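Here the structure comes first, spelled out in structure tokens, and everything after it is commentary.
Owing to the predicted nature of the structure, the values given are computational and were not obtained by experimental measurement.
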Amino acid sequence: MTFREFLSERINRMIIQIVFAAAASAFLLSTGTQPGILLLLLIFCLLITTAIYLSDFFRQRARLRELGAILNGLDQKYLFTECVPPPDCLYERKLFELMRRCGRDMIGTVSDAQASQKEYREYIESWVHEVKAPITAAQLICRNVDGEARRKLTHELAQIQAHVQRALFYARAESPEKDFIVRRADLSEIVSRSIQNHRALLIQSGMRIETDHLEQTVYTDDKWACFIIGQLLQNAARYRKEDPVVTIRAHTGRQHVYLTVSDNGIGIPAHELPRVFDRGYTGSNGRARGGSTGMGLYLCRRLAEVLEIGIEIESTQQQGTCVTLTFPASAQ
């Protein structure tokens, strides 16, 4: 708060004081008061009024700064009214009491919402683990089926498993600190596991995988990093052209390892690139081919932010897409 803002709020009071002082001066002059004495009285009143205004200004500014410091120091801003020291002014006390009542009601609402969200997340996680059993059983049954039916069933089961896995990671992404551990990991093992997890989809899509210089050490959560790379492989398989190829290559920087996952697919229109990481966004390719949820790349970015992995995407229509993941090469 500036002194000008302070005075502008009190402009009506100042006008009334000036009018009152002028009326009082006129009355005193009419009763025979000497102009010199009247001037001294006006100067004295002006000094007293100025001192009062300055005192109020510095007191209120200090109070606002104190409140601002308390607010900035809180991780959960809605607890502000519970942490504020009691004010001196009666009006302020009444006002803060109303704010505190509103704040307590909001805290109760937030607590209920968090509890409900936690219950829902726990239910989703348990459901995912339960549904994996029949998926695995169906995959084993498919081994006894021959021909085209086996290929189609295997493909559909792989799609179901990918959607289930995506739902699990989406639920865990809301409270990531409870589910990931950043540690030293072998990048080649992470990539190999990602390829193995999507082996059926890649084979059925006729996808050829080329790797280069993956013998690198990074610091990340291998399970989450494997999921991110897996989502990129799924996209490459979904938006492929004839003779599809995915090239996974790594190179090192001073403090980072850069992993590029590039394909020769149908690519992404330039005007859609800024939005591909948005939640639920399905571009023209996704709408044309169907089955897109718009959650894959959103989850990639969400998990990458948690793991402090940089993620960038480049694409040219009918030429392919390249996603670069930037891993820390040392402990943070």
Side-chain angles (χ1 to χ4, degrees), residues 1-118 173-178 255 274-275 277-279 301-302 304-308 310 328 332:
M1 180 177 65
T2 64
F3 190 63
R4 182 177 181 179
E5 293 173 336
F6 174 82
L7 291 179
S8 64
E9 189 184 26
R10 289 157 179 77
I11 188 67
N12 291 335
R13 184 189 306 176
M14 294 171 61
I15 292 174
I16 293 174
Q17 289 173 338
I18 292 173
V19 170
F20 178 79
S25 299
F27 174 76
L28 291 175
L29 286 175
S30 65
T31 57
T33 303
Q34 295 183 3
I37 296 176
L38 180 59
L39 180 61
L40 290 176
L41 287 174
L42 290 176
I43 293 175
F44 178 76
C45 290
L46 178 62
L47 292 175
I48 293 296
T49 303
T50 303
I52 293 173
Y53 275 109
L54 288 174
S55 175
D56 287 344
F57 168 72
F58 288 117
R59 178 178 59 82
Q60 292 185 16
R61 188 176 66 172
R63 175 69 173 173
L64 289 175
R65 287 179 175 176
E66 179 187 18
L67 296 179
I70 293 174
L71 180 63
N72 292 333
L74 291 175
D75 292 331
Q76 298 172 327
K77 307 297 185 185
Y78 58 86
L79 296 176
F80 173 70
T81 54
E82 296 297 322
C83 302
V84 171
D88 300 327
C89 174
L90 176 62
Y91 173 76
E92 241 188 283
R93 286 199 299 271
K94 295 296 183 182
L95 181 62
F96 265 79
E97 182 60 31
L98 293 175
M99 291 177 61
R100 185 170 281 116
R101 287 166 57 186
C102 293
R104 287 173 180 170
D105 182 71
M106 183 175 64
I107 290 172
T109 302
V110 170
S111 298
D112 292 342
Q114 289 177 339
S116 176
Q117 185 182 41
K118 181 181 178 182
E174 298 303 315
S175 55
E177 67 282 351
K178 299 179 181 179
Q255 296 180 342
R275 300 185 59 191
F277 290 115
D278 292 351
R279 177 180 175 180
R301 185 184 65 173
R302 179 78 176 87
E305 289 175 350
V306 174
L307 296 175
E308 297 185 1
Q332 298 294 309

Any residue meeting side chain to side chain contact (heavy atoms under 4.5 Å, CB included) with E97, in chain and number order, not counting sequence neighbours: R100, R101

Side-chain atoms of residues 43-51: list all donor-acceptor pairs with protein atoms under 3.5 Å, sequence neighbours left out, distances to 0.1 Å.
| residue | atom | partner | partner atom | Å |
| --- | --- | --- | --- | --- |
| T49 | OG1 | C45 | O | 2.8 |
| T50 | OG1 | L46 | O | 2.8 |

Could you list the donor-acceptor pairs under 3.5 angstrom formed by side chains in residues 27-37, with sequence neighbours left out?
| residue | atom | partner | partner atom | Å |
| --- | --- | --- | --- | --- |
| S30 | OG | A26 | O | 3.3 |
| S30 | OG | F27 | O | 2.6 |
| T31 | OG1 | F27 | O | 3.3 |
| T31 | OG1 | L28 | O | 2.8 |
| T33 | OG1 | L28 | O | 3.0 |

Quiz: residues 67-74 side-chain donor-acceptor pairs under 3.5 angstrom, not counting sequence neighbours:
| residue | atom | partner | partner atom | Å |
| --- | --- | --- | --- | --- |
| N72 | ND2 | G68 | O | 3.1 |

If you look only at distance, which donor and acceptor atoms sit under 3.5 Å apart when one is on a side chain in residues 52-61 and the other is two or more places apart or in another chain?
| residue | atom | partner | partner atom | Å |
| --- | --- | --- | --- | --- |
| Y53 | OH | Q17 | OE1 | 3.1 |
| Q60 | OE1 | R10 | NH2 | 3.4 |

Pairing residues for R275 by the salt bridge (Lys or Arg N to Asp or Glu O under 4.0 Å) criterion, not counting sequence neighbours: D278

Least distance between heavy atoms, L42 atom then S25 atom: CD2-OG, 3.5 Å

